[in-house]
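Heads up: the structure comes next, in C-alpha cells.
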Amino acid sequence: MLLPRSTLSRRKVIASAATLTAAPAMFGLFASAAHGAAMPLGPSMPTHYRFKLGEFEVTNILDAGAVIDGPWPIVGHDRPQAEIEELMRQSLLPESKFQPGFTPTIVNTGKELILFDTGNGADGFVPRPHGGWLANLLDPAGFAAEQIDLVVLTHAHPDHIGGLMEGGEPLFPNARYVIGDAEFDFWSSEDRLAAAPDDNEHTSARLFATNVAPLAERISFIKPGDEVAPGIHAVEAYGHTPGHLAFHIESQGKQLFVWGDCAHHEVASLAHPEWHAFFDMDKAKGAETRRRIYDMVATDRLPVAGYHTSFPSLGFVEKKDGGYRWLPISYQLNL
C-alpha cells in the first residue's frame, strides 16, 4: 500500500505518527503524590501474536505503528470525503486519522518456516522508526532471519517487499521465494519505470528492481490454485495489483485465509466493498475481488489474517446490511 502524494505524503505520515500518546501508568489508589507520580512511559502495544492451527503454528508480527491520514481517500477514493467521515463517526472512530496494521505472518508447518510478506524494511511506505520493524522483531517473537525457509509475497508494493533486503543484502539468506507469475512479469517490465519519479507505480517498480529482481534465481512463480507447501494454496485476488494473490492455509481441518491487501480499513473496506481503493491498480476488479473474497470467508466462517487491519490483524467476516463487517478475534483461536 502506497500513499497518494497529493494528500498522504511520507512527511505527513512521520508527523502524524509522532503525535501518538499513551496514558500514564497507575501505581495504586492510595499512593502518595511523591511516590505515585512518574514520567509517562510512552505508547505500548504487543508486537507479535501466536496461535495453533492444527499442526501448524502461526505468528503475526507488527511491522509498523504509524497513525496516518485517512481512511479517505485510501478507501472511498470515488466517494465524497464527508461520506467516509460519517461512517467513521458512526463507528466511533476518528474521522480523518487511522492506524493501519502492517502485519507479516509466519507459519511454522513443523517442517519449515514460511513468511508471508516482509513489511516496509528501510524503504517501504512507513519509514523507520515508525515502520520497518520486522527485522528487529523477529528475535522477540522467537525467530532468526536465517531460519526462514520460504518467503511468500502476496504482491510487490513497497510495504510488502521492503523487508526483503537489509543493507543491500537479503535479510533471509537461506530462504526460497514465491510470487505470482503475473505479478513478477508486470513489475519486471521497464514500462513501470517510465512513470513519473514521484508516481506510485514508479516507486514500486524501483523497489522491485532492488529487492525482488536480484532474487529471481531463487524465486518460484505460481498461479492461482498452485500449492506453495502442503496445506497452503494460492487464491486469485487480482485488482489491487495485476497478480495479487491470497492464500488458503489448512492443517488438520483448521483453516486460515491470508488475504494480503483485500482490505485497507476494517470498517470502510468491508462495509462498502464497492468503494474504490486508491491503491487498487484496477479499481473495478479490486471491488469485484473484495466482494468475492468477503463473501467466501463469511460463508465459510474462515478466520482471516488481514495485513492492514488493526493488529493482531486477525478476525472473521460477517455479512451485514448489504456489505460486510470485520469481527476481531478474541479467544477463538486459543481453543
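What you see below is based on every heavy atom in this structure, not just the backbone, and it leaves out hydrogens, waters and symmetry mates.
Of the inter-residue distances, the one linking Arg291 atom CZ with Met296 atom CE reads 15.0 Å to the nearest 0.5 angstrom. With rounding to the nearest 0.5 angstrom, the CD atom of Glu266 is 11.5 Å from the CG atom of Leu327. Remark: Ser251 OG to Lys254 NZ distance equals 10.5 Å, nearest 0.5 Å. The CG atom of Asp282 sits 10.5 Å away from atom OG1 of Thr241, with the distance rounded to the nearest 0.5 Å. With rounding to the nearest 0.5 Å, the separation of OG1 in Thr103 from NE2 in His48 is 13.5 Å.
Residues Lys223 and Asp181 are paired through a salt bridge, judged by an N-O separation under 4.0 Å between the basic side chain and the carboxylate. With salt bridges taken as basic N to acidic carboxylate O contacts below 4.0 Å, none links Glu274 and Lys283. Between Asp123 and Arg128 there is no salt bridge, since no side-chain N of the basic residue sits under 4.0 Å from a carboxylate O of the acidic one. Ion pairing between Arg206 and Glu201 fails under the 4.0 Å rule for side-chain N and carboxylate O.
Using cut-offs of 30° and 60° for the angle between ring planes, the His160 and His155 rings count as tilted. Ring geometry, Tyr294 versus Tyr324: the interplanar angle exceeds 60°, so the pair is classed perpendicular (tilted spans 30 to 60°). Between His308 and Phe102, the angle of the ring planes goes over 60°, which puts this pair in the perpendicular group of the 30/60° scheme.
Residues Glu57 and Thr59 bring no donor and acceptor atom of their side chains to less than 3.5 Å of each other. Of the N and O atoms on the side chains of Ser310 and Gln99, not one donor lies less than 3.5 Å from an acceptor on the other residue. Side chains of Ser96 and Glu85: a donor-acceptor N/O pair is absent below 3.5 angstrom, by distance only. Remark: the His244 side chain and the Asp261 side chain contain no N/O donor-acceptor pair separated by less than 3.5 Å. No side-chain donor-acceptor contact under 3.5 Å links Ser313 and Asn60.
Between His272 and His265, a ring centre-to-centre spacing not shorter than 6.0 Å is recorded. If you look at Phe172 and Tyr177, their ring centroids are not closer than 6.0 Å. Ring centers of Trp72 and Phe278: at least 6.0 Å apart, outside the cut-off. Checked against the 6.0 Å centroid criterion, the rings of His77 and His276 do not qualify as a close aromatic pair. Under the 6.0 Å cut-off for aromatic ring centres, Phe116 and Phe247 qualify, their centroids lying closer than that. If you look at His157 and Phe125, their ring centroids are not closer than 6.0 Å.
Counting all heavy atoms, side chain and backbone alike, Pro104 lies closest to Leu115 at CB-CD1, 3.9 Å. Closest approach of Pro100 and Ala66 over heavy atoms only: CD-O, 3.7 Å. Contact between Asp63 and Gly121 at its shortest, heavy atoms only, is OD2-N, 4.4 Å.
In this structure the side chain of Ile61 reaches within 4.5 angstrom of the side chain of Ile106, judged on heavy atoms. Between Arg292 and Asp295 the shortest side-chain heavy-atom distance does not fall below 4.5 Å.
Taking the ring centre of Phe316 as origin, the terminal cationic atom of Arg301 falls outside the region bounded by 6.0 Å and 45° from the ring axis.
A donor-acceptor distance shorter than 3.5 angstrom exists from the side chain of Gln332 to the backbone of Ser330, with no hydrogens or angles considered.
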